[in-house]
Amino acid sequence: MISKERLEKALTFLAETDETFAYHKTHVAQTDHKAKAIKSAMFLRFDGTVAERTAKAESSDEYQDALEIYFTALNALEKLKNKRQTESIVIEVWRSLESSRRQGNVI
């Protein structure tokens, strides 16, 4: 059974993480854009065929560092997204249980 306290905790978490979720989502987009810009800049620094320049740009320390930042940001977003989904499920289960209880179907 999901208590009213647990329901309140779920509702509070969702209400209090709207801005944080938006920040993380934007941060992921920003770090992705920056990584692509770094890859492009690195591509222009190297000589060789397009394939060689691409390989050098993708394996450069600068691009790898940018990717690490991007994946860290993506991980933070996914963790928060999953937690928000869990809290939404708690709310939906509570609603279902309350509906059943009101109809006399004690679970």
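Hydrogens, waters and symmetry mates are skipped; everything else that's a heavy atom, side chains included, is used. Model, not experiment: these values are computed from the prediction.
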For S59, side chain to side chain contact (heavy atoms under 4.5 Å, CB included) partners two or more places apart: none

Answer yes or no: is there a donor N or O on one side and an acceptor on the other, between the side chain of [X] and the main chain of [Y], under 3.5 Å?
{"X": "T12", "Y": "K9", "result": "no"}
{"X": "E87", "Y": "F13", "result": "no"}
{"X": "T72", "Y": "E68", "result": "yes"}
{"X": "S3", "Y": "R6", "result": "yes"}

Of the non-hydrogen atoms in [X] and [Y], which two are nearest, and what is the gap between them?
{"X": "R45", "Y": "E62", "answer": "NH1-OE2, 3.9 Å"}
{"X": "D47", "Y": "K56", "answer": "O-NZ, 3.4 Å"}
{"X": "L97", "Y": "I2", "answer": "CD1-N, 4.1 Å"}
{"X": "A73", "Y": "T31", "answer": "CB-OG1, 3.9 Å"}
{"X": "T49", "Y": "E52", "answer": "N-OE1, 2.9 Å"}

Non-hydrogen side-chain atoms of N82 and Q85 separated by less than 4.5 Å: yes

Ion pair R95/E98, N-O distance below 4.0 Å: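 No, no charged N to carboxylate O under 4.0 Å.
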
Cluster link L14 to V90, ILVMFWY, side chain under 4.5 Å: yes

Ring-face cation of R84 near F21 (centre distance under 6.0 Å, axis angle within 45°): yes

Lys NZ or Arg CZ of R53 over F46 ring: under 6.0 Å, within 45°: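 Relative to the ring axis of F46, which defines the angle, R53 lies outside at least one limit.
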
